Q: 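Encoded as structure tokens, here's the structure I'll be asking about.
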Amino acid sequence: MRQKFIFVTGGVVSSLGKGLASAAIGALLESRGLNIMLKKLDPYINVDPGTMNPFQHGEVFVTEDGAETDLDLGHYERFTNAAISKRCNFTTGQVYDTVISKERRGEYLGGTVQVIPHITDEIKRRILDVDDGIDVVIVEIGGTVGDIESLPFLEAIRQLRNDLGKENSLFIHLTLIPFIKTADEMKSKPTQHSVKELRGIGIQPDILLCRTERVLSQGLKDKISLFCNVDKDAVIAAKDVGDIYEVPIVYHNEGLDEKITKLLNIWAKKPDLSQWEGIADTIRNPRDEVHIAVVGKYVKLKDSYKSLNEALVHGGIANSCRVIPHYIDSEDLEKSLSSELLDVDGILVPGGFGDRGIEGKINAIAHAREKKVPYFGLCLGMQLAVVEIVRHLAGCEGANSCEFNENTPYPIIYLIEAWVDRNNELQKRDKFSNLGGTMRLGAYPCQLTPGSLAHKAYGKDLIDERHRHRYEFNMDFREKLENCGTLISGISPDGTLVEIIELKDHPWFLACQFHPEFKSKPFNPHPLFREFIKASLTHKQEKQQCKKK
Ligand code: GLN
């Protein structure tokens, strides 16, 4: 069967949750037995989001095949079973890069290279690059209708409608219906304008997904249908929900999947949403709650730790408990530990770059180690854990990562000068490598040590986890580290790279060089998050018992 395409655009304002909407549509179609794929098109000029500031852009999501992508791809992976890869995200920068390289090679035979058709053709080629066996491809166009930057993308999907035909393509537009307090009314005008703008460039949306705070009355739906020229049953209310995992259920109750399958003329079975209902129910009715400190740098912008936040929720689902994260700025812990940190049931130090707040993180780790508070370190959180351990337990004063002090007497975390494969070309990783270039990226195998916390959590010997970092543990210090009670519980199969460490004399102190948060799903919580939350719950109960005594 030929694939069908759903194009998701956004109007009125940004941040309406197009990524989440696309992921939820994917989930609904999967629940009807369809094979789906998702793609995100980013209109900015950067070649990839790898070098973009997390304060501005949110988290960089890493795929199994090592692409640094937009955080919406994280939603796609968490909500669906689609095999998300490099091919699922591209930017204007990549499109121009390809077209300009072709031009330099003379492939346009001296013709004038233009936005239409050359740029739009390259966009179309990348959209249509899909494996056999996929029934529906959901394509999310980044940005908001009306932006200059997204025009070539919109032009490309306008053309695709003609190329593919009506039953093989569908336009879904996500808009906002604001509630104006003074008038005590919900307003459809911004949606009308946004649709007008879309129609001005030749796109008539088939379905409107209307974000609202309140229930959308049938009267207002009818009005939107009339003014925006869409079917009455194609005006879907996307009412705010308490939890993102309720979105597929809300869309289904509004008839979205029914309408999509009708318009695309696909035969599909009735959806089975029991799993989603189960998740929503567990989140709504937790049996317990646990407080976790996330000691990091990008604590002001929630999106910077998107996957981490979700993985904590999943860890909670696995233990029927609500996880309450406390994002603590590590710079505030440099002189003394705050009462907020002292009160939590578990401490996590996530990944990060740059030396700001490093000593504050080390202080938090020392506290977790000494006071036997469950500790979970991710990437930088592992590097700093080993720094803390050798500094304080092996007497290596001044030990550090070379990222923060190149002249440290104990370079416990350092740059392995290695050739790394990036986009099928080898690049040298050394102190001169440029920022976007030479990280260890994507999935790598890791051998687990029998009897370790990690081995018990995963229940197997060999795992695959995703990386995004430049620095590694320095094997010259292996003995020093092991002699002070550390167990190396995960190592690369060739024995050269330390991937997981644990403390033997501690209820749960585990840190890994990879990013487990990228692989956690609501239906399949990551084993390390599951066990960390479990250990934190136990710690909480023990604290309570001590108080009673
Ligand atoms: N900055 C560290 C490195 O590059 C850790 C990176 C991370 O936490 N993702 O190795």
Side-chain angles (χ1 to χ4, degrees), residues 295-297 330-331 333-334 349-369 375-420 422 426-441 444 446-447 465 467-504 509-515:
V295 182
K297 173 169 154 188
S330 57
E331 273 188 312
L333 304 178
E334 288 189 337
V349 173
F353 294 83
D355 59 3
R356 239 174 69 191
I358 287 301
E359 294 302 322
K361 290 179 191 172
I362 292 177
N363 289 342
I365 297 168
H367 166 76
R369 179 178 57 75
Y375 173 72
F376 193 13
L378 315 180
C379 204
L380 180 63
M382 175 189 120
Q383 298 177 349
L384 295 180
V386 292
V387 167
E388 195 279 327
I389 292 167
V390 297
R391 266 192 202 175
H392 300 132
L393 295 182
C396 302
E397 209 183 308
N400 214 333
S401 160
C402 294
E403 182 178 4
F404 313 123
N405 179 6
E406 264 192 57
N407 306 315
T408 163
Y410 303 101
I412 179 130
I413 302 293
Y414 75 148
L415 263 180
I416 295 186
E417 293 204 0
W419 290 92
V420 290
R422 200 175 142 87
L426 284 174
Q427 291 190 17
K428 188 158 194 231
R429 173 151 58 130
D430 61 19
K431 61 182 171 193
F432 306 110
S433 353
N434 56 7
L435 275 180
T438 41
M439 286 205 248
R440 178 144 78 106
L441 280 169
Y444 282 81
C446 165
Q447 191 83 43
E465 290 284 2
H467 292 250
R468 180 175 183 253
H469 56 96
R470 230 170 251 112
Y471 293 82
E472 306 280 356
F473 176 73
N474 183 347
M475 277 296 191
D476 292 349
F477 291 90
R478 179 174 186 162
E479 227 170 276
K480 263 206 163 63
L481 188 69
E482 286 175 332
N483 285 346
C484 52
T486 311
L487 172 73
I488 294 178
S489 60
I491 196 156
S492 60
D494 67 359
T496 59
L497 301 167
V498 169
E499 309 285 41
I500 311 178
I501 62 118
E502 298 172 15
L503 278 181
K504 288 181 191 151
F509 188 108
L510 184 150
C512 50
Q513 186 56 81
F514 47 80
H515 288 274

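Note that the coordinates shown come from a computational prediction; the quantities given were computed from them, not determined experimentally.
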Q: Is the shortest heavy-atom distance from the side chain of Val386 to the side chain of Ile413 under 4.5 Å?
A: yes
Q: Closer than 4.0 angstrom, basic N to acidic O: yes or no for Arg440 and Glu499?
A: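 Looking at Arg440 and Glu499, the cut-off is met.
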Q: List the atom of Val387, the atom of Ser401, and the distance in Å for their closest heavy-atom pair.
A: CG2-N, 4.0 Å
Q: What closest approach, in Å, do Val295 and Lys361 show between heavy atoms, and which atom pair accounts for it?
A: O-CE, 3.9 Å
Q: Among His515, Gln513, Met382, which residue meets the side chain to side chain contact (heavy atoms under 4.5 Å, CB included) test with His469?
A: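 When His515, Gln513, Met382 are each tested with His469, the side chain to side chain contact (heavy atoms under 4.5 Å, CB included) holds only for Gln513.
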Q: Would you mind reporting whether Phe514 and Tyr444 have side-chain heavy atoms less than 4.5 Å apart?
A: no
Q: Are side-chain heavy atoms of Asn400 and Pro411 found at a separation under 4.5 Å?
A: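 No - every pair of side-chain heavy atoms lies 4.5 Å or more apart.
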Q: Just wondering, do His467 and Leu441 contact through their side chains at under 4.5 Å, heavy atoms?
A: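 With C-beta onward as the side chain, the pair stays apart.
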Q: Run the numbers on Phe473 and Leu497 for side chain to side chain contact (heavy atoms under 4.5 Å, CB included), then give the verdict.
A: CA-CA 7 Å; Phe473 176 73; Leu497 301 167; over 6 Å; no
Q: Measure the OG1-CG distance between Thr486 and Leu481 for me, rounded to the nearest 0.5 Å.
A: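 Reported value, rounded in 0.5 Å steps: 4.0 Å.
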Q: Indicate yes or no for a side-chain donor-acceptor contact from Arg470 to the backbone of Met439 under 3.5 Å, with no hydrogens or angles considered.
A: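 Answer holds: no.
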Q: Would you confirm whether Asn363, through its side chain, and Leu333, through its main-chain N or O, come within 3.5 Å as a donor-acceptor pair?
A: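 Side chain of Asn363 to backbone of Leu333, a donor-acceptor pair under 3.5 Å: yes, one is there.
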Q: How many angstroms lie between atom NZ of Lys504 and atom CZ of Phe509, to the nearest 0.5 angstrom?
A: 14.0 Å
Q: Kindly indicate, with the supporting measurements, whether the criterion side chain to side chain contact (heavy atoms under 4.5 Å, CB included) is fulfilled by Val498 and Met475.
A: CA-CA 8 Å; Val498 169; Met475 277 296 191; 3.5 Å; yes
Q: So do Leu393 and Arg369 actually touch side chain to side chain, heavy atoms under 4.5 Å?
A: yes
Q: Looking at CD1 of Ile362 and CD1 of Ile389, how far apart are the two atoms once the value is rounded to the nearest 0.5 Å?
A: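 These two atoms lie 11.0 Å from each other.
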Q: Looking at every heavy atom in both Asn405 and Thr408, which two are closest together, and how far apart are they?
A: O-CG2, 3.0 Å
Q: Going by heavy atoms in the side chains, are Gln383 and Tyr471 under 4.5 Å from each other?
A: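 Counting from C-beta outward, Gln383 and Tyr471 do come under 4.5 Å.
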Q: Please report the interatomic distance CD(Glu472) to OG(Ser492), rounded to the nearest 0.5 Å.
A: 8.5 Å
Q: Is a donor on one side and an acceptor on the other found under 3.5 Å between the side chain of Ser330 and the backbone of Ile358?
A: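 No: the side chain of Ser330 does not pair with the backbone of Ile358.
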Q: Is any side-chain heavy atom of Glu359 closer than 4.5 Å to one of Glu331?
A: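 Of all side-chain heavy-atom pairs linking Glu359 with Glu331, none is under 4.5 Å.
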Q: Indicate yes or no for a side-chain donor-acceptor contact from Lys480 to the backbone of Gly395 under 3.5 Å, with no hydrogens or angles considered.
A: no
Q: Hey, could you give me the CG/CD distance between Leu510 and Glu502, rounded to the nearest 0.5 Å?
A: 4.5 Å
Q: Roughly how far, to the nearest 0.5 Å, is CD1 of Ile501 from SG of Cys512?
A: 9.5 Å
Q: Report the C-alpha distance between Glu403 and Asp355 in whole Å, list the side-chain angles of each, state the deciding distance to 0.1 Å, and finish with yes or no for side chain to side chain contact (heavy atoms under 4.5 Å, CB included).
A: CA-CA 8 Å; Glu403 182 178 4; Asp355 59 3; over 6 Å; no
Q: What are the two closest non-hydrogen atoms of Gly357 and Glu334, and how far apart are they?
A: CA-OE2, 3.2 Å
Q: Any side-chain heavy-atom pair from Tyr375 and Val349 closer than 4.5 angstrom?
A: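 Yes; the side chains approach each other to less than 4.5 Å.
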Q: Which atom pair, heavy atoms only, marks the closest approach of Pro409 to Gly398?
A: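 Of all heavy-atom pairs spanning Pro409 and Gly398, the closest is CD-O, 3.8 Å.
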Q: Write down the atom of Cys484, the atom of Ala394, and the distance for their closest heavy-atom approach.
A: SG-CB, 4.2 Å
